[in-house]
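Working notes for the structure below.
The chains referred to below are lettered A, B, ... by the order of the sequence lines, with proteins before strands, and numbering in each begins at 1.
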Protein chains: 2
Amino acid sequence: MTDILIVEDEKELADLLCDFLRAENYTVSVAQTGEKALSLYEKYGARLIVLDIMLPGMDGFAVCRKIREESNTPILIVSAKTEKEDKLNGLVLGADDYIEKPYDIDIMLAKISGIFKRRYAVDEIIDGDICINKVSRTVYKNDIPIEMTPKEIDLLLLLIENKGKTLTKEFLFNQIWGSDSFSEQQTLTVHIKWLRQKIENDAKKPLRIQTVWGVGYKYEGI
Amino acid sequence: MTDILIVEDEKELADLLCDFLRAENYTVSVAQTGEKALSLYEKYGARLIVLDIMLPGMDGFAVCRKIREESNTPILIVSAKTEKEDKLNGLVLGADDYIEKPYDIDIMLAKISGIFKRRYAVDEIIDGDICINKVSRTVYKNDIPIEMTPKEIDLLLLLIENKGKTLTKEFLFNQIWGSDSFSEQQTLTVHIKWLRQKIENDAKKPLRIQTVWGVGYKYEGI
DNA sequence: ATTTCCATGTTATACTTATGTCACAACAAT
DNA sequence: ATTGTTGTGACATAAGTATAACATGGAAAT
């Protein structure tokens, strides 16, 4: 499935947006007419549709209605018209958000990332033999539940949700303990140690939670 | 290094922006004149400069030019003038974006976060057979990971992100060690040496990190 | 009330790695 | 050749991290 389907007849504008989105690791496809959009959607689906209202032939409203007949795929309406009726019309039709042309590219990106977050946030994270359920806050290793203290889960989630990223000790500390906390430094390393004992196969040679010397820690996926 | 250096003579405006940015966890410093800005930049560096054009004394364009002489740090121009020439001037000078006064704070924040994403969330910098992953802070040569110390990575990044530009020893030193550091001179050359041993094909004839005699070093792309 | 238990912090110490310094060699520029 | 600058290797030290053992304080159990 494609992440984002852009429906826009101005090719340059579509391409520009496309570039920015791909730079943020979305997969993107572009349709220049409503008809094309529907057929692409039929064929490949999409997680989000960025839909210009003003289209040659079949207009954006019609596309929106058609898509809503069969799914709840989020739709972000783009329109050059500033009239209120459009805004209303779009949202009533089931669009999830609205942006006016000409738009600032950063605002557009922020809106899109917001929609993805709200709509596609996951509550189960799996990495190798580890599985974390964010809702129940339970951790399984090889399907066997592991007792975790709140702080441990917080720390693990923070690391695993930034898999591959090096997080500074300061950042980790502020996120878990709050920047106004008194305790420091060693507290973090001690908790890292406990976490390793629970999730690493060999706590002596941690593969998952790796030390980045002088900086912090990072979680490496398996 | 500071995240954002605001150059703005209207103190209230600067403070306001400053507060918003700090709330988003950027570190911020403010300069009210061009001269102050340059000296702050020399001393502490910055990841982004938000630069008002209309300044008492040395104007924004001059500041922009000066900074461009020694680095590629992104610059966001702020201007009350709406004339096109400004826009051009600013962008030609190498500014990365442009915003008009009075600006909407949300747009400003979106632009800034956009610049940070595009510029610093670039995971990978590739140059020939060298690949640096900034988020995980790992360096690969021919896909083989190379062990790097924090200072080495900092130094390499600073050089490679200003590819082709000669960075003075003083600038390099201030950026990596901080201008208040005691140690000096030889420390830098020693670190350069270590870096060369790790990334040059022939450490005796360094191609990437070139010595600019009497001035400093520059990274030459392959 | 008292005890027990457990998550969490703290501290001291061993250990590992990075960093800075120095003396001297090599080098470019004049 | 002389001078100032840069490169090098050996070494000392500083800084960061891991670990174990212990302290604390609140919640649950008795």
Side-chain angles (χ1 to χ4, degrees), chain A residues 137-139 146-159 166-200 202-218, chain B residues 137-139 145-159 166-200 202-219:
Chain A
R137 289 176 64 88
T138 45
V139 180
I146 301 180
E147 294 288 325
M148 289 265 187
T149 69
K151 283 267 190 298
E152 280 163 9
I153 292 187
D154 289 345
L155 193 51
L156 178 56
L157 277 174
L158 191 54
L159 286 163
T166 296
L167 306 177
T168 64
K169 284 170 292 176
E170 195 195 1
F171 177 81
L172 287 166
F173 194 83
N174 287 346
Q175 293 293 309
I176 307 278
W177 282 270
S179 54
D180 49 345
S181 175
F182 286 112
S183 44
E184 220 166 328
Q185 291 292 11
Q186 283 308 80
T187 305
L188 176 62
T189 72
V190 172
H191 280 265
I192 290 281
K193 185 194 142 208
W194 290 335
L195 199 47
R196 279 174 172 160
Q197 287 177 340
K198 293 190 180 175
I199 66 162
E200 297 284 358
D202 179 0
K204 291 280 172 191
K205 285 172 199 143
L207 297 175
R208 294 188 141 102
I209 300 176
Q210 295 187 2
T211 304
V212 181
W213 224 89
V215 183
Y217 299 89
K218 71 175 165 181
Chain B
R137 290 180 65 90
T138 44
V139 180
I146 301 181
E147 294 287 325
M148 288 263 186
T149 70
K151 284 265 190 302
E152 280 162 10
I153 293 187
D154 289 345
L155 193 52
L156 178 56
L157 278 174
L158 190 55
L159 286 164
T166 298
L167 306 176
T168 65
K169 283 171 292 177
E170 196 195 359
F171 180 78
L172 286 166
F173 193 84
N174 286 348
Q175 295 292 304
I176 307 278
W177 281 269
S179 56
D180 48 346
S181 173
F182 286 111
S183 43
E184 219 166 328
Q185 290 294 8
Q186 281 309 79
T187 305
L188 177 62
T189 73
V190 171
H191 280 266
I192 290 281
K193 182 197 139 205
W194 289 334
L195 199 48
R196 280 175 171 159
Q197 288 178 341
K198 293 187 180 177
I199 65 162
E200 297 284 358
D202 179 0
K204 292 281 170 189
K205 286 171 202 147
L207 298 174
R208 295 189 140 101
I209 301 175
Q210 298 187 1
T211 304
V212 182
W213 224 86
V215 184
Y217 299 90
K218 73 173 167 182
Y219 189 97

Inset, instruction - Would you mind reading off the bend of the helix from dA1(C)-dT30(D) to dT30(C)-dA1(D) from its two end axes, five pairs each, to 10 degrees? - result: 30°
Legend entry - Contact boundaries on DNA chain D for chain B, cut-off under 4.0 Å to non-hydrogen atoms: dG4(D) to dG9(D)
Inset, instruction - Grab the CD-C1' distance between E147(A) and dA7(C) for me, whole Å please. - result: 12 Å
Inset, instruction - Using atom CD1 of I176(A) as one end and atom P of dT8(C) as the other, report the distance to the nearest whole Å. - result: 11 Å
Legend entry - Touch class at under 4.0 angstrom, heavy-atom based, for W194(B) against every strand present: base
Inset, instruction - Summarise protein proximity over nucleotides 22-30 of chain C in one line of letters, 5' to 3': B for base, S for sugar-phosphate only, - for none, counting protein heavy atoms closer than 4.0 Å. - result: -B----S--
Inset, instruction - Could you tell me which residues satisfy side chain to side chain contact (heavy atoms under 4.5 Å, CB included) with W194(B), sequence neighbours excluded, listed by chain and number? - result: E152(B), V190(B), H191(B), Q197(B)
Legend entry - Interatomic distance where CD1 belongs to I146(B) and P belongs to dA18(C) [whole Å]: 14 Å
Give the table of side-chain donor-acceptor pairs shorter than 3.5 Å for residues 166-173 of chain A, with sequence neighbours excluded, one pair per line with atom names and distance.
unit_1, atom_1, unit_2, atom_2, d
T166(A), OG1, V135(B), O, 3.4
T166(A), OG1, S136(B), O, 2.9
T168(A), OG1, F171(A), N, 3.0

Inset, instruction - Compare side-chain N and O positions of H191(A) against OP1 and OP2 of dG9(C) and report whether any pair is under 4.0 Å apart. - result: yes
Legend entry - Partner set under side chain to side chain donor-acceptor pair (under 3.5 Å) for Y219(B), not counting sequence neighbours: D127(B), R208(B)
Inset, instruction - Kindly say if T187(B) contacts the phosphate of dT19(C), meaning a side-chain N or O under 4.0 Å from OP1 or OP2. - result: no
